[in-house]
There are 2 protein chains.
Amino acid sequence: MIYGLHPQNSRTFIVVRIMYIMLNNVFKYILLDLYEHFIVIFLLIFVLFIKYDNLINQRTMIIFSVNMQNIFKTLRSKSYSVPCEFCSIGSLCIPILLNNKLDNILDRKMSYAKDEIIVKANTPFTKFYIIHSGALKTFVTTPDNNQQINGFYLPGDIVGLDSISTKIYNNNIQSLTNTLVCELYYDELMSLVDTQKNVRDMVFNLLSSSINNYQKLVLCYSQKKADERLATFIYSLYRHYEQRGHSSLNIKLMMSRADIANYLGLKIETISRNLSKLQEKNILSVRGKYIFIKNLNALIDLGN
Amino acid sequence: MIYGLHPQNSRTFIVVRIMYIMLNNVFKYILLDLYEHFIVIFLLIFVLFIKYDNLINQRTMIIFSVNMQNIFKTLRSKSYSVPCEFCSIGSLCIPILLNNKLDNILDRKMSYAKDEIIVKANTPFTKFYIIHSGALKTFVTTPDNNQQINGFYLPGDIVGLDSISTKIYNNNIQSLTNTLVCELYYDELMSLVDTQKNVRDMVFNLLSSSINNYQKLVLCYSQKKADERLATFIYSLYRHYEQRGHSSLNIKLMMSRADIANYLGLKIETISRNLSKLQEKNILSVRGKYIFIKNLNALIDLGN
DNA sequence: CGGGCTCTTGAGACGAATCAACTAGCGTGG
DNA sequence: CCACGCTAGTTGATTCGTCTCAAGAGCCCG
């Protein structure tokens, strides 16, 4: 449990959580450089808080130091976790339904390191993965041994819907950063579907909207040029964060250029060139993995 | 009720149906030219049958003549209908479940002429369409007023799964030939989902395998060249017919070159050129809308 | 038989891939 | 703390594949 936010003490945990959400919401429109300074200020406040908290003892101190490191890391990478109510599962979170105690929800979360293979393709399908924080990608390996990414998954997303019919995982699932996922067993979900109408409707909606997304992706592939595809991709990231309650013009790309290129059916050089092109057009400001959307409407227009 | 197979008299209908299915199954391996002759023989037998059927009166005669025209048309285009047990809905056909009488099933079928718009995009979603015979396409119209096809649907397929989450039809649905569809109301299906486990599982499988198909399509788009895409497309048609109990190396393209091009994200000239290329390689034999697969393995290899 | 389609084939234009060189960012170890 | 190497990312020159434009062939239908 070195990775991820996982203190044993639930009171201190809540404080961490509140400040964390605050930071994500209050500062979401602040530019990259400013952002860095605020993190320092935040950490100072945080250290003071620890100093005067009478709960502190040797053991929690160690936990805090571990957490602080993680929080710092997380903030630096501007990764985020969705509060459970913004999850694609929404208020119907299975752990919550099964057992309404917070501790139990936390116990359901599994932690994975960067680049860890979570699931290998063609292994038996038993459970879905719902991302709490971090990011995943799914991909298949083609006969000529290179990979084809067919989805990026961000906090709140559910992975594995395509496996219901095949009973095996059709894709490899791999973490892009340190990632916390909730596991959701298919059988458990089905028993809830039978007893609760809202769960049934939710699952149908998830499946249906997944089909919808793929239809849009197909449309993107089949008639858009490289720059249009890239614009669509970046806008879809923006939309995704927005829908999960993190609307910000600052976007951190969790995936490498190579992954983006692979996903969009282009080559890495083309991505690079077109990012520069969008920057020249004053639509984006790119700095490594960070993108700032300078002209959202132009971005939307370009992506059609 | 001019189009489609829709006699009022169920005894005569059954005979038509049996002969129709016979023809589809007995002659499925026979080449195009031979096929034409058998249709003539079949029609002669059919006329004799009518002559000595004591049920005939003025009214049924008219119905028959209408139907004969349609049957002739249908056979000439080598269209086919799936017996209900090969439908994607399978043995769980809702009309059958709701009311086990044949007449009632027939009443559920709606008939559409070639190129008829069955559903306009963005209209309220109430029911799925399951194809009995013929073919449909679904497409969206882009802002610059040209269409993007995102699916062809053949007998046994269900259309509209993506609309569950949006509550509106996301695509226009248009018939490619004269088409018979079974209508399936969403509410009816949901009430069956709640009461019958096998229906529930079927619906989940349908949704999940639809996601699966789109994943494969995305893979096809993002890293295959024109000839590979075309090979994949033709093989997928072959597989589709095979799964519905009509395995034949003779394939009739229900859609125009323009539709194929649009669907595969290519231009009509590229389709034409690559069909010629596949013919030169002795993989296919193309004659207008008819394709004969000369080398199935080579086709599969090319499509990866 | 001609008019309107769809489909095929050819020549040149354009966009993305490829190959190659170079730069920036990052962690590692001295 | 800096030098080092490694990887990720950028930029340029050339090649290759598909699109575009254009003309002609085949087919259905009145």
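Numbered from 1 within each chain, the chains take letters A, B, ... in sequence-line order. Note that the structure is a prediction, hence the values are computed from the model and not measured.
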> How far does OG of A:Ser111 sit from NE2 of A:His132, to the nearest 0.5 angstrom?
Replying inline: 11.0 Å

> With sequence neighbours left out, which residue pairs that include part of residues 295-304 of chain B fulfil the salt bridge (charged side-chain N to carboxylate O under 4.0 Å, His left out) condition?
Replying inline: none

>> Applying salt bridge (charged side-chain N to carboxylate O under 4.0 Å, His left out) as the test, list every pair that has at least one member in residues 261-272 of chain A; sequence neighbours left out.
In response: none

>> Over all strands shown, is A:Ser272 touching base, sugar-phosphate only, or nothing at heavy-atom distances under 4.0 angstrom?
In response: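 Base: the residue A:Ser272, judged by heavy atoms under 4.0 Å, touches a nucleobase.
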
> Is there a side-chain polar atom (N or O) of A:Lys289 under 4.0 Å from OP1 or OP2 of D:dG9?
Replying inline: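 Result: yes.
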
> Taking all non-hydrogen atoms of both residues, which atom of B:Ala261 and which atom of B:Ile268 are closest, and how far apart?
Replying inline: CB-N, 3.5 Å

>> Going by salt bridge (Lys or Arg N to Asp or Glu O under 4.0 Å), name the residues that satisfy it together with B:Lys224, two or more places apart in sequence or in a different chain.
In response: none

How many Å lie between [atom1] on [X] and [atom2] on [N], as a whole number?
{"X": "A:Lys277", "N": "D:dT11", "atom1": "NZ", "atom2": "P", "value": "14 Å"}
{"X": "A:Asn274", "N": "D:dT10", "atom1": "CG", "atom2": "P", "value": "11 Å"}
{"X": "B:Ile268", "N": "C:dT6", "atom1": "CD1", "atom2": "P", "value": "8 Å"}
{"X": "B:Gln223", "N": "C:dT18", "atom1": "CD", "atom2": "P", "value": "11 Å"}
{"X": "A:Lys224", "N": "C:dA16", "atom1": "NZ", "atom2": "C1'", "value": "18 Å"}
{"X": "A:Leu176", "N": "D:dA8", "atom1": "CG", "atom2": "C1'", "value": "15 Å"}
{"X": "B:Asn262", "N": "D:dC19", "atom1": "CG", "atom2": "C1'", "value": "15 Å"}
{"X": "A:Ile271", "N": "D:dA8", "atom1": "CD1", "atom2": "P", "value": "16 Å"}

> Which nucleotide sits closest to the side chain of B:Leu266: C:dC7, D:dT10, D:dC19?
Replying inline: D:dC19

With [X], which residues qualify under side-chain hydrogen bond (donor to acceptor under 3.5 Å, both in side chains), at least two apart?
{"X": "B:Asn282", "answer": "B:Lys294"}
{"X": "B:Asn150", "answer": "B:Thr138, B:Asn171"}
{"X": "B:Lys277", "answer": "B:Asp227"}

>> Generate the contact string for nucleotides 20-27 of chain D. Rules: B means base contact, S means sugar-phosphate contact only, - means no protein heavy atom under 4.0 Å.
In response: BB------

>> Holding to ring-ring contact (aromatic ring centres under 6.0 Å, His included), I want the full list of residues that pass it with A:Tyr169, two or more places apart in sequence or in another chain.
In response: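 Listed in chain order: A:Phe125.
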
>> Angle between the two end axes of the helix from C:dC1-D:dG30 to C:dG30-D:dC1, five base pairs per end, rounded to 10 degrees?
In response: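 The helix from C:dC1-D:dG30 to C:dG30-D:dC1 shows an end-to-end axis angle of 30°.
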
